[in-house]
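What follows is a single structure, written as structure tokens, with notes after it.
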Amino acid sequence: MIMTLTVFKEVHNTWPPRNGKPGGEAYDLLCMDMSNPAEHRMEEMLYYRTKDEERPRVWGKSVGTTIQVGVSKIRHGDNGGKATLLGQIITEPKK
């Protein structure tokens with residue numbers, strides 16, 4: 001599935017190791033769905049989890065831009081239960 005997203009905010013989270021699981025960090029983009037047709041857009045804000053190789057190209061310069069993402073999975077439970085999109089950025093940020 002391909003989604004068009006407007007980036008609202010960049011969110012960096014870290015967590016310590018717990019219960020034998022390693023700690024980690026995540027660089028997420030808080031986004032609003034701008035896909036067409038408008039009547040079929042997601043109504044809530046979505047997080048897109050950036051990959052290590054995408055981060056240098058988008059982190060610090062994506063707020064207020066529009067990206068297209070090829071979504072391979074939607075995960076719930078992270079970020080307070082909000083949807084987190086996993087996939088790949090297809091187009092670079094555009095104002």
Side-chain angles (χ1 to χ4, degrees):
M1 163 174 53
I2 296 175
M3 296 181 78
T4 302
L5 305 170
T6 296
V7 180
F8 179 71
K9 183 178 175 183
E10 296 173 336
V11 181
H12 176 245
N13 289 313
T14 59
W15 55 93
R18 283 193 302 183
N19 301 326
K21 295 183 181 181
E25 66 181 335
Y27 292 83
D28 297 334
L29 302 177
L30 182 60
C31 303
M32 182 177 291
D33 186 10
M34 300 305 288
S35 303
N36 288 313
E39 59 269 11
H40 296 294
R41 291 179 183 163
M42 293 286 290
E43 293 179 357
E44 65 181 48
M45 298 291 274
L46 305 161
Y47 287 93
Y48 172 69
R49 172 82 32 103
T50 60
K51 295 181 177 178
D52 291 339
E53 61 270 13
E54 295 171 334
R55 208 164 296 129
R57 295 190 321 260
V58 299
W59 196 259
K61 46 193 163 224
S62 61
V63 174
T65 63
T66 300
I67 58 174
Q68 276 195 321
V69 173
V71 179
S72 58
K73 185 185 276 189
I74 301 174
R75 179 187 297 161
H76 292 273
D78 296 343
N79 295 315
K82 291 204 180 284
T84 299
L85 305 174
L86 304 177
Q88 181 175 346
I89 295 177
I90 298 171
T91 59
E92 297 300 319
K94 296 177 189 166
K95 288 257 182 196

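As the structure is a prediction and not an experimental result, all values here were calculated from the model. Heavy atoms only: backbone and side chains are in, while hydrogens, waters and symmetry mates are out. By convention here, the first residue in the shown sequence is residue 1.
Looking at every heavy atom in both residues, S72 comes nearest to G87 through OG-CA, 3.7 Å. Shortest non-hydrogen contact noted between M3 and L46 is CE-CD1, 3.7 Å. Residues E54 and Y48 come closest through the heavy atom pair OE1-OH, 2.8 Å.
Side-chain atoms of K73 do not come within 3.5 Å of backbone N or O of T84 as any donor-acceptor pair. For T50 (side chain) and R55 (main-chain N/O), no donor-acceptor pair under 3.5 Å exists by modelled atom type.
Other residues, nucleotides and ligands contribute more than 12 heavy atoms inside 6.0 Å of the NZ atom of K51. More than 12 heavy atoms of other residues, nucleotides or ligands shown are found within 6.0 angstrom of CE on M45.
The side-chain hydrogen bond (donor to acceptor under 3.5 Å, both in side chains) search around E10 returns S62, not counting sequence neighbours. Applying the side-chain contact (heavy atoms from CB on, under 4.5 Å) criterion to E25, with sequence neighbours excluded, gives H12, T14, Y27. Remark: W15 engages no residue in a ring-ring contact (aromatic ring centres under 6.0 Å, His included) (not counting sequence neighbours). In this structure P37 satisfies the side-chain contact (heavy atoms from CB on, under 4.5 Å) test together with E39, H40, sequence neighbours excluded. Not counting sequence neighbours, the partners of R41 by the side-chain hydrogen bond (donor to acceptor under 3.5 Å, both in side chains) test are N36.
One distance of note links CD1 of I89 with CZ of R57; it measures 6.5 Å at 0.5 Å rounding. If you take SG on C31 and CD1 on I67, they are separated by 5.0 Å, rounding to the nearest 0.5 Å. Separating the CE atom in M34 from the OG1 atom in T4 is a distance of 9.0 Å, to the nearest 0.5 Å.
Its side chain within the 4.5 Å cluster rule, I90 clusters with I2 among the Ile, Leu, Val, Met, Phe, Trp and Tyr residues.
Counting heavy atoms from C-beta on, the side chains of L29 and L5 never come closer than 4.5 Å.
Note on L86: it does not cluster hydrophobically with V7, by side-chain heavy-atom contacts below 4.5 Å among ILVMFWY residues.
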